[in-house]
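The structure appears right after this line, and notes come after that.
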Amino acid sequence: MRCSERNRETKETRISVTLSLDGGAVDIKTGIGFFDHMLTALAFYAGWGLALTAEGDLHVDGHHTVEDTGIVLGQALREAVGDKKGIRRFGSAFVPMDEALCFTALDFSNRPFLVFDAPMPQPMIGDYDACLTVEFMRALAMNAGLTLHQKCHYGANAHHITEGLFKSLGLALKDAARVEGAAVTSTKGVL
């Protein structure tokens with residue numbers, strides 16, 4: 001089973017994640033409506049089962065909740081993928097969202113890195129600070145061991161841009177985690 005359960009508790013947040021790479025129910029509760037919507041889209045397009053609850057210091061702002069969610073989800077993803085034997089390893093996807101066109105490319109390389117090129121035209125999307133998208137993606141990449149590249153080629157609406165980034169991430173993760181054989185996909189023999 002490609003599953004993981006992870007928890008993290010700090011003075012700022014309490015995060016709980018149950019992840020199945022092979023599907024299942026999706027139930028997200030972070031206290032930030034738009035972020036719940038994005039995580040639900042991510043899980044749907046990745047083909048995951050995901051139960052995620054986050055309680056954070058939202059009276060301050062959403063930063064700690066969003067970043068810590070990325071940390072814990074990244075740790076769960078790393079654990080669920082395991083030794084990476086047989087996975088495709090690489091994934092990429094374009095997603096058009098109305099006027100926006102977004103792209104994600106990634107590698108389960110165990111060499112975490114983020115390249116993020118997606119300016120947000122509006123600072124807020126409901127109660128979600130648009131600048132937190134890069135914070136989530138960085139935390140996810142660093143803790144999952146992903147090399148992650150994301151780009152918005154064009155777009156005028158921060159909601160559409162963010163949604164395109166999360167959906168393309170889900171599609172790329174689904175592709176990269178797909179089991180195609182028995183060996184590690186690397187000329188080195190290990191990742």
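Starting from 1, each residue takes its place in the sequence as its number.
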Shared hydrophobic cluster, [X] / [Y] (ILVMFWY, side-chain heavy atoms < 4.5 Å):
| X | Y | value |
| --- | --- | --- |
| F113 | F90 | no |
| I28 | V66 | yes |
| M137 | M97 | no |

Non-hydrogen atoms of [X] and [Y] that approach each other most closely:
| X | Y | value |
| --- | --- | --- |
| L171 | A93 | CB-CB, 3.6 Å |
| I161 | A100 | CG1-CB, 3.9 Å |
| L106 | A172 | CD2-CB, 3.6 Å |
| A176 | I87 | O-CB, 3.6 Å |
| K85 | V184 | CG-CG2, 3.7 Å |
| T147 | S109 | OG1-OG, 2.8 Å |

Other residues, nucleotides and ligands only: do more than 12 of their heavy atoms fall within 6.0 Å of CZ on F116?
yes
For K151, does the NZ atom sit with more than 12 other heavy atoms under 6.0 Å from it, leaving out its own atoms?
yes
Quick check: does any side chain N or O of [X] sit under 3.5 Å from a backbone N or O of [Y], one acting as donor and the other as acceptor?
| X | Y | answer |
| --- | --- | --- |
| Q150 | L165 | yes |
| R6 | E79 | no |
| R78 | N143 | yes |
| Q122 | A158 | yes |

[atom1] of [X] to [atom2] of [Y]: how many Å apart, nearest 0.5 Å?
| X | Y | atom1 | atom2 | result |
| --- | --- | --- | --- | --- |
| T30 | D36 | OG1 | CG | 3.5 Å |
| C152 | D117 | SG | CG | 8.5 Å |
| M1 | S20 | CE | OG | 5.0 Å |

Applying side chain to side chain contact (heavy atoms under 4.5 Å, CB included) to E163 and I125, what does each step give before you reach the verdict?
CA-CA 11 Å; E163 192 161 348; I125 308 164; over 6 Å; no
Testing V81, L21, L146, T104 for side-chain contact (heavy atoms from CB on, under 4.5 Å) with L173, which one passes?
L146
In this structure, which one of L73, L77, N7 forms a side-chain contact (heavy atoms from CB on, under 4.5 Å) with V17?
L73
Output, in order, the C-alpha distance, side-chain angles, deciding distance and verdict of side chain to side chain contact (heavy atoms under 4.5 Å, CB included) for V179 and R2.
CA-CA 11 Å; V179 177; R2 301 189 314 155; 3.7 Å; yes
Taking only residues at least two apart or on different chains, which pairs with a member in residues 132-158 satisfy ring pair (Phe, Tyr, Trp, His ring centres under 6.0 Å)?
F35-F136, F94-H153, F136-F166
Derivation and outcome, side chain to side chain contact (heavy atoms under 4.5 Å, CB included), residues H63 and L132
CA-CA 6 Å; H63 189 283; L132 295 180; 3.4 Å; yes
Show me the donor-acceptor pairs within less than 3.5 Å that the side chains of residues 44-59 make with the rest of the protein, sequence neighbours left out.
{"residue": "E55", "atom": "OE1", "partner": "R14", "partner atom": "NH1", "Å": "2.6"}
{"residue": "D57", "atom": "OD1", "partner": "H64", "partner atom": "ND1", "Å": "3.1"}
{"residue": "D57", "atom": "OD2", "partner": "H64", "partner atom": "ND1", "Å": "2.8"}

With heavy-atom distances below 4.5 Å as the criterion, would you say the side chains of [X] and [Y] are in contact?
| X | Y | value |
| --- | --- | --- |
| L169 | L140 | yes |
| E135 | D129 | no |
| E67 | E12 | no |

Could you name each residue pair satisfying side chain to side chain donor-acceptor pair (under 3.5 Å) that touches residues 89-99, not counting sequence neighbours?
R89-D107, D98-H160, E99-H160
